[in-house]
Student: 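Sharing a structure here in structure tokens format.
All heavy atoms count here, side chains included; hydrogens, waters and symmetry mates do not.
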Amino acid sequence: MLTVYVNRNILNNMNEAKHIHEQHTVHHILYHIIFCPKRRRKILVGSVHDRLKQLIEQVASENSWSIVELAIQPDHVHLFIQANPYTLPTDIARLIKGRSAHDLREEFDTLAKMPSLWTRSTFYSTAGFVSQDTIQKYIERQSKQ
């Protein structure tokens, strides 16, 4: 089973990206994060898959992150997420893996028998860009004020 969850409101294409406007900052920070169960076991299926999706969405919501795309495959998770400048990408994976490991192992006996649910390894990549044209327009707009 494969879940692909896509939030098109955040990202239609890189030129139409949704920037977050806060009191003193404007940002568009996207991370691509991949993590796997221990020994790449194919355990993210059925009700485990569904519950993991709920947990990832819950942690994202609690931290005001927006999931752009989530693909849960039997042996790994792809997460494309929009965060804020105050959150380290390592914290995103740490919070999601920590909560999901605790809750999934508590709810599913087969997972409770594993010494640990997730590997310590995680892949991180940044995504997004600002074109030279966008920067130039921003500078021109600021110069007129």
Student: Taking all heavy atoms of Pro37 and all of Ile43, pick out the closest pair and write down the distance.
Tutor: CB-CD1, 3.8 Å
Student: Should Met114 and Arg41 be marked as a side-chain contact (heavy atoms from CB on, under 4.5 Å) after you check the CA-CA gap, both sets of side-chain angles, and the distance that decides it?
Tutor: CA-CA 10 Å; Met114 296 174 62; Arg41 292 186 176 137; 3.2 Å; yes
Student: Would you please test Arg51 and Leu104 for side-chain contact (heavy atoms from CB on, under 4.5 Å) and show each step?
Tutor: CA-CA 8 Å; Arg51 183 67 176 124; Leu104 290 173; 3.6 Å; yes
Student: Would you give the length of the straight line joining atom CG of Asp75 to atom CZ of Arg40, rounded to the nearest 0.5 angstrom?
Tutor: 4.5 Å
Student: What is the distance from atom OG of Ser116 to atom NZ of Lys97, rounded to the nearest 0.5 Å?
Tutor: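 Here the interatomic distance stands at 9.5 Å.
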Student: Spell out, as yes or no, whether a donor-acceptor pair under 3.5 Å connects the side chain of Asn84 to the backbone of Tyr86.
Tutor: yes
Student: So that I can tick it off, tell me whether Lys53 and Asp50 are bridged by a salt bridge, with the cut-off set at under 4.0 angstrom between side-chain N and carboxylate O.
Tutor: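 No, no charged N to carboxylate O under 4.0 Å.
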Student: Measuring only between side-chain heavy atoms, which start at C-beta, is Leu52 closer than 4.5 Å to His49?
Tutor: no
Student: For Arg94, does its backbone N or O pair with a side-chain atom of Asp91 as donor and acceptor, under 3.5 Å?
Tutor: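 No, the answer is negative, given that no donor and acceptor are paired below the 3.5 Å cut-off.
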Student: Go through it in stages, so that I can follow the logic: the residues are Tyr31 and Ile92, the test is side-chain contact (heavy atoms from CB on, under 4.5 Å), and I'd like the CA-CA distance, side-chain angles, deciding distance and then a yes or no.
Tutor: CA-CA 9 Å; Tyr31 296 113; Ile92 296 170; 3.6 Å; yes
Student: Quick one, Tyr124 and Thr90 - any side-chain contact, counting heavy atoms below 4.5 Å?
Tutor: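 Answer yes - side chains close enough.
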Student: Compare every heavy atom of Ala93 with every heavy atom of Thr122, then report the nearest pair and how far apart it is.
Tutor: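 Result for this residue pair: CG2-CB, 3.9 Å.
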Student: Kindly indicate, with the supporting measurements, whether the criterion side-chain contact (heavy atoms from CB on, under 4.5 Å) is fulfilled by Leu95 and Trp65.
Tutor: CA-CA 12 Å; Leu95 292 169; Trp65 306 326; 3.8 Å; yes
Student: Looking at OG1 of Thr119 and CZ of Arg39, how far apart are the two atoms once the value is rounded to the nearest 0.5 Å?
Tutor: 11.0 Å
Student: Let me check something: do Leu79 and Leu88 share a hydrophobic cluster, defined by ILVMFWY side-chain heavy atoms less than 4.5 Å apart, either directly or through other members?
Tutor: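 Each belongs to a different hydrophobic cluster.
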Student: Report yes if some heavy atom in the side chain of Lys42 is under 4.5 Å from a heavy atom in the side chain of His76; otherwise report no.
Tutor: no
Student: Once rounded to the nearest 0.5 Å, what's the spacing between atom CD1 of Ile81 and atom CG of Leu30?
Tutor: 10.0 Å
Student: Distance check, rounded to the nearest 0.5 Å: Ile33 atom CD1 versus Phe35 atom CZ?
Tutor: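 Atom-to-atom, Ile33:CD1 and Phe35:CZ are 8.0 Å apart.
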Student: Given Val77, which of Ile96, Ile34, Ile56 fulfils the side-chain contact (heavy atoms from CB on, under 4.5 Å) condition?
Tutor: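 Considering Ile96, Ile34, Ile56, a side-chain contact (heavy atoms from CB on, under 4.5 Å) with Val77 is found only for Ile56.
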Student: His32 vs His78 aromatic rings, parallel, tilted or perpendicular, using cut-offs 30° and 60°?
Tutor: parallel
Student: How long is the gap from SG on Cys36 to CZ on Arg120, to the nearest 0.5 Å?
Tutor: 14.0 Å
